[in-house]
**Q** 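Provided herewith is a single structure, encoded as structure tokens, for subsequent inquiry.
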Amino acid sequence: MRMSHLVGRTMREDPRDATCPSHRFLIRGGYARQVSAGIFSLLPLGKRVVAKIEAIVRQEMDALGAQEVLMPVVLPAELWEESGRYQNVGPELLRFRDRNDKNMLLAMTHEEAVVHLARTEINSYKQLPATLYQIQTKYRDEARPRAGLIRVREFTMKDAYSFHASWECLDEFYEKAREAYIRIFERVGLDNCLCIESDPGMMGGDVAHEFIAVADCGEDVVFVSPDASYKANREVAMAAWKYEKSDPLPLEKVPTPGKQSIEEVAGFLGVGPENTGKAVFYTDSDGNLVFAMIRGDFDVNESKLRKILGVAELAYADDEAIKAAGAEPGFASPMGLDPEKVKIVVDNSIAGSSNLVVGANEKDFHYKNFNLDRDLPDVETVDIALVRDGDPCPLTGAPLKALRGIEVGNIFKLGVKYSEPMNCRFLDSNGKSHPMIMGCYGLGVGRAMAAVVEQSHDEWGPIWPLSIAPFHVHICALDPAKTGVRETADQVYEALTAEGVETIYDDRGAKAGAMFSDADLVGAPLRIIISPKTLADGEVELKKRGEKEGERIPLDALIYVVKTRLNGASDPRK
RNA sequence: CGGGAUGUAGCGCAGUCUGGUUAGCGCGUUUGACUGGGGGUCAAAAGGUCGGAGGUUCGAAUCCUCUCAUCCCGACCA
């Protein structure tokens, strides 16, 4: 590619709203342009990177025996009514009507569509297992897109769906898929990508993993033990908290006028937040009131609570609902509440602590010296606490470290969540009908590109791994009007291209500094600098992206050296 | 959905508080010259519904009302 004809100009200054490196460089380098909030066009450079990621994904999926298909982005609502998601999913599902007033939607994922295929094409155990995948646009009407290409509304995703006659078969395939994902992320150059257990959430099923590319601008928080033996995302993370109990003191009602929050109450009574009990009220999807109690220095992990209660959604309860159950907002206590009206869930931290300050269910009063086993006996406690940075690892006891990361992939054991309601069944060898056991496997292609930039860049631009670099070699012809420079550069470009080396050639005759800066933004692993200075000795310079000094190579050995470098090092960054 | 901020040339910004001729600057773009190793110098040029609508006024980028868009923090999130 001659740079003089490449569409997609580079920019010297950061776009105003770019906050993280991938956003800055992908815009400045001419990889992508924003069209609307969370909606981007890819320019040739970006399209090349994405195509390479897709090629790697295809290879690994094909190696798993998965078969590529293509399903529509626009789907009829009735298909989603079958699974129940048309009602269950919130406004992030974009719904609209076609000209015949029929309810339609933009697919945010394709379980329904793939089940529609599978239930007509697959009927017998003899056809199982089977895996279908596609690389297709998804749309999620995110409330707030952010961080450039990391959280967007329209995006390209590889999604695969496996169908099995037995759970054992799913388990076996799931593990293979998990390993394939690890290989994919290695190959695209995400050096720091964690595969961790995650909360299946609304997806259903009980096993799920997500792949988190560690990066400061990521939105997900994961906890990792120092020896990496334990890693889990914030929703499911546990810790080996230690508690100390002391002798129980008599319960004492004390006035706490206007002091409602933990901070206020603890400050007013001169104790630490760890000496208080926090009351958090939720309403579940069926309208039931839930009272979660946890020590004042912890926060409630809603994912854990949802799982324990077996409910899909929890929202903070309003004051009216709390009062209706006999509790006083801001001064609430589990003591004396009617278990018929409110479901009480108590965290282990409460059982492990003594003489806590809790509400008195009376405005402007709290109790001192609450002890669970004495004051609220026969309550089974559970873990509903959110892990904090530095909490002890459940395996080793060492302090857990909180890391931020970008979720670049997730895999789920779906089981029969979709096949059952949607009637996707097969006949076994005895002629009996069963719902197919399913797994699904998602991977964000554009996100992966952004994540690589997050993990591999310097102050000038991306440092692409060879595997997904838009070009492998970048030729800079310095001062091309001088004797032989343009001719030599043309010849080198033609020769490399003829050899199948993906080469971009800066033939614009720009200032050296401008060319170097643009070459840094393009981020090709190898750079050839052709200038009068070295050409006089029959040499050119060869330099790795990110290195300050290059080396001189005799012109007649150049093609050979470049090819050797590219073949020899799978990752020229190292 | 709550809180905050911003919309002026392709990009980054000034001008708005305190209304007053043809709306500026830097980068980029085009033309020419000198240059030539991390965005050089000089000369010339093109490029604007000042986000939109309504209003106040002799006069609005500037004041008022409404509206749209984008970003940030939070809520939310297959």
Side-chain angles (χ1 to χ4, degrees), chain A residues 7-20 23-24 27-28 30 33-39 80 83 85 88-93 107-112 138-148 150-153 155 157 159 161 198-205 208-210 217 219-220 234-235 302-303 312-316 407-412 414 417-418 440-444 447 458-461 476-483 485 506 508-521 527 529-535 540-541 543 548-550:
Chain A
V7 175
R9 66 167 83 230
T10 57
M11 285 179 296
R12 196 166 170 175
E13 289 172 277
D14 286 337
R16 180 166 52 156
D17 42 28
T19 50
C20 52
H23 192 192
R24 289 169 49 212
I27 299 299
R28 275 184 48 197
R33 293 289 180 254
Q34 181 166 337
V35 177
S36 183
I39 298 180
W80 279 52
S83 68
R85 287 164 107 196
N88 294 341
V89 177
E92 64 270 18
L93 175 64
M108 48 202 290
T109 171
H110 280 82
E111 281 75 16
E112 287 82 357
K138 304 274 185 278
Y139 186 87
R140 289 178 197 167
D141 214 9
E142 295 283 353
R144 183 151 98 79
R146 65 184 101 181
I150 291 170
R151 188 171 194 75
V152 289
R153 291 146 88 196
F155 56 99
M157 182 173 172
D159 47 324
Y161 307 88
S198 64
D199 177 15
M202 291 195 7
M203 289 298 291
H209 287 86
E210 60 190 17
C217 76
E219 299 182 278
D220 292 284
R234 199 168 131 98
E235 279 75 49
E302 284 182 31
S303 298
E313 276 186 72
L314 285 175
Y316 287 123
E407 184 183 350
V408 287
N410 49 32
I411 60 178
F412 299 87
L414 291 176
K417 180 175 161 87
Y418 295 91
C440 78
Y441 316 87
L443 190 153
R447 245 188 203 187
D458 59 13
E459 60 178 308
W460 303 100
C476 294
L478 296 195
D479 206 358
K482 287 276 165 55
T483 322
V485 171
D506 195 339
R508 299 170 305 171
K511 299 292 297 183
M515 283 201 201
F516 292 153
S517 292
D518 283 352
D520 288 336
L521 284 168
R527 184 179 307 174
I529 301 160
I530 298 173
S531 71
K533 194 166 88 183
T534 61
L535 214 51
V540 298
E541 281 163 89
K543 180 167 131 169
K548 195 77 187 154
E549 292 298 319

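To find a chain, count down the sequence lines: A is the first, B the second, and so on, and within it residues start at 1.
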**Q** Which nucleotide, in any strand shown, forms a Watson-Crick or G-U wobble pair with B:U56, with both distances under 3.5 Å?
**A** none
**Q** Can you tell which of B:G36, B:G37, B:C71 lies closest to the side chain of A:E541?
**A**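 The nucleotide sitting nearest to the side chain is B:G37.
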**Q** By nearest atom, which of the nucleotides B:G12, B:G40, B:G38 is closest to the A:R16 side chain?
**A** B:G12
**Q** Is any side-chain N or O of A:S36 closer than 4.0 Å to OP1 or OP2 of B:U70?
**A** yes
**Q** Answer yes or no: is there an ion pair linking A:D220 with A:R234, defined by an N-O contact shorter than 4.0 Å?
**A** no
**Q** Pick the nucleotide of RNA chain B nearest each of A:K548 and A:R153; which residue has the one closer to the 5' end?
**A** A:K548
**Q** Not counting sequence neighbours, which residues clear ring pair (Phe, Tyr, Trp, His ring centres under 6.0 Å) with A:Y441? List them please.
**A**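 Listed in chain order: A:F173.
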**Q** State whether A:R144 places a side-chain N or O below 4.0 Å from either non-bridging phosphate oxygen (OP1 or OP2) of B:C1.
**A**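 Indeed not, no polar side-chain atom of A:R144 lies that close.
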**Q** Can you name the side chain to side chain donor-acceptor pair (under 3.5 Å) partners of A:D458, sequence neighbours left out?
**A**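 Side chain to side chain donor-acceptor pair (under 3.5 Å) list for A:D458, sorted by chain: A:R545.
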**Q** Taking the C1' atom in each of B:A61 and B:A14, what is the distance between them to the nearest angstrom?
**A**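 Per the computed distance, 12 Å lies between those C1' atoms.
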**Q** Among the candidates B:U70, B:G74, B:G37, find the nucleotide nearest to the side-chain atoms of A:Q34.
**A**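 Of B:U70, B:G74, B:G37, B:U70 is nearest to the side chain of A:Q34.
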**Q** Which nucleotide sits closest to the side chain of A:F516: B:G12, B:G37, B:G36?
**A**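 The answer is B:G37.
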**Q** Mind checking the C1' distance from B:G19 to B:G55? Whole angstroms is fine.
**A** 15 Å
**Q** Heavy-atom nearest nucleotide on RNA chain B for A:D14 versus A:E219: which residue maps closer to 5'?
**A** A:D14
**Q** Hey, what are the protein-to-nucleotides 28-34 of chain B N/O distances that come in under 3.5 Å?
**A**
residue, atom, partner, partner atom, Å
B:G28, O2', A:R9, NH1, 2.9

